[in-house]
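Below is one structure, written out as structure tokens; the observations come after it.
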2 protein chains.
Amino acid sequence: MVDRLDRKILQILQEDATIPVAEIGRRIGLSTTPCWRRIQKLEEEGVITGRVALLDPKKINTRVTAFVAITTNQHNDEWLRRFAEVIREMPEVAEFYRMAGQVDYLLRVVVPDIEAYDAFYKRLIAKIDISDVSTTFAMEQIKYTTMLPLNYIALDKEKAPA
Amino acid sequence: MVDRLDRKILQILQEDATIPVAEIGRRIGLSTTPCWRRIQKLEEEGVITGRVALLDPKKINTRVTAFVAITTNQHNDEWLRRFAEVIREMPEVAEFYRMAGQVDYLLRVVVPDIEAYDAFYKRLIAKIDISDVSTTFAMEQIKYTTMLPLNYIALDKEKAPA
DNA sequence: GCTGAAACCTGGCTTTA
DNA sequence: TAAAGCCAGGTTTCAGC
């Protein structure tokens, strides 16, 4: 599926998607067209899911990140479906996981300040029945990246070099 | 700084950065050039920090997300500086927060499976002195977005419409 | 906000291993 | 025959006005 050259392309694109195809080709030792075709293929196959602009949270007035650990006694599919729907429509929720272990779900929520979190929290519990919620706040975001590690990809078989 | 039109631009670009400037202009009721100039300004001001390609974690063989809560007794700047440096160089760590409350730091780590997490964990504790680590695994990523909520932006004053 | 030049993307066709 | 390279036409970006 993905070979060494594809991986190099992905590495470049998930770091900076503004780099022209010709330049990417140059960096990996390929001319424009084959490089472009590889990118097309990676998009068709769904390896690349999209290209987005990233914003500075401070400039957007969302300085506070809260992690919300949720426990529930509702363990049926219908409840989860509804819960997921509610969460999907709340733009403050950046991430939402179903967890193993003590807590059932984990949210990462971005808001301007603690007051705004409180307002968010009230809106959340008004919309859905939750047994127990425990929130912890982040003081500082030391690292945040959308880049995934590419060293675990199962590489396509290639001809061995001479 | 940012007005209503800028906000619309940001909304579009953080959803899909492949849309041509002319099309963005059309959607917000602006011709190409002024729209382009606004985007330039948003980039210069650092509101837009970059454009990146997003990848499908499954296709990249990183199916497992682990949250790692770290407690330490080292509370000096030098230790944190070194810790941050170590983390920055580990591509499996997507996010890294300094927390308020019981746990000192929180990591979001992406790896192929539990075995790979174990290997990561050993590499981590070999590199840095940590008192206590508690890991919880996500079973499912129900929502993940890089989009920030734009409804909290302090909008620039505008002329009232006639 | 318009216009035009330069850069870039995109697909058909040719070449190479 | 599968993948790389060449080249031309159309689109997009971006600076002057």
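No experiment lies behind these values; they were computed from the predicted model shown. In the text below, chain A, chain B and the rest are named by the order of the sequence lines, each starting its count at 1.
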Distance, rounded to the nearest Å, where A:Ile19 contributes CD1 and C:dA7 contributes P: 18 Å

Carboxylate-amine/guanidinium contact B:Glu23 B:Arg26, below 4.0 Å: yes

Test of ring centre spacing under 6.0 Å for A:Phe67 and A:Phe137: no

Whether over 12 other heavy atoms sit under 6.0 Å from B:Lys143 NZ: yes

Side-chain touch B:Leu124/B:Leu107, heavy atoms, less than 4.5 angstrom: yes

Please produce a list of atom pairs where a protein N or O lies less than 3.5 Å from an N or O of nucleotides 14-16 of chain C.
none

B:Trp79 and B:Thr72, any side-chain heavy atoms less than 4.5 Å apart: yes

Whole-Å distance separating the CZ atom of A:Arg26 from the C1' atom of D:dG5: 17 Å

Any residue of residues 31-39 of chain A with a heavy atom less than 4.0 Å from an atom of DNA chain C: A:Thr32, A:Thr33, A:Trp36, A:Arg37

Nearest-Å distance for atom pair CD/P, residues A:Gln40 and C:dT10: 6 Å

Lys/Arg-Asp/Glu bridge criterion (N-O < 4.0 Å) met for B:Lys8, B:Asp3: no

Atom-pair distance (CD on A:Glu23; P on C:dC8), nearest Å: 9 Å

Whole-Å gap separating P (D:dC14) and NZ (B:Lys41): 17 Å

Salt bridge present between B:Arg81 and B:Asp77 (N-O < 4.0 angstrom): no

Atom-pair distance (CG on B:Leu13; P on D:dT12), nearest Å: 15 Å

Rounded distance in Å - CD (B:Glu43) to C1' (D:dC14): 13 Å

Lys/Arg-Asp/Glu bridge criterion (N-O < 4.0 Å) met for B:Glu43, B:Arg51: yes

Residues B:Arg82, B:Glu78: salt bridge by 4.0 Å N-O rule: no

Options C:dC8, C:dG1, D:dA4, nucleotide nearest the side-chain atoms of B:Leu30: C:dG1

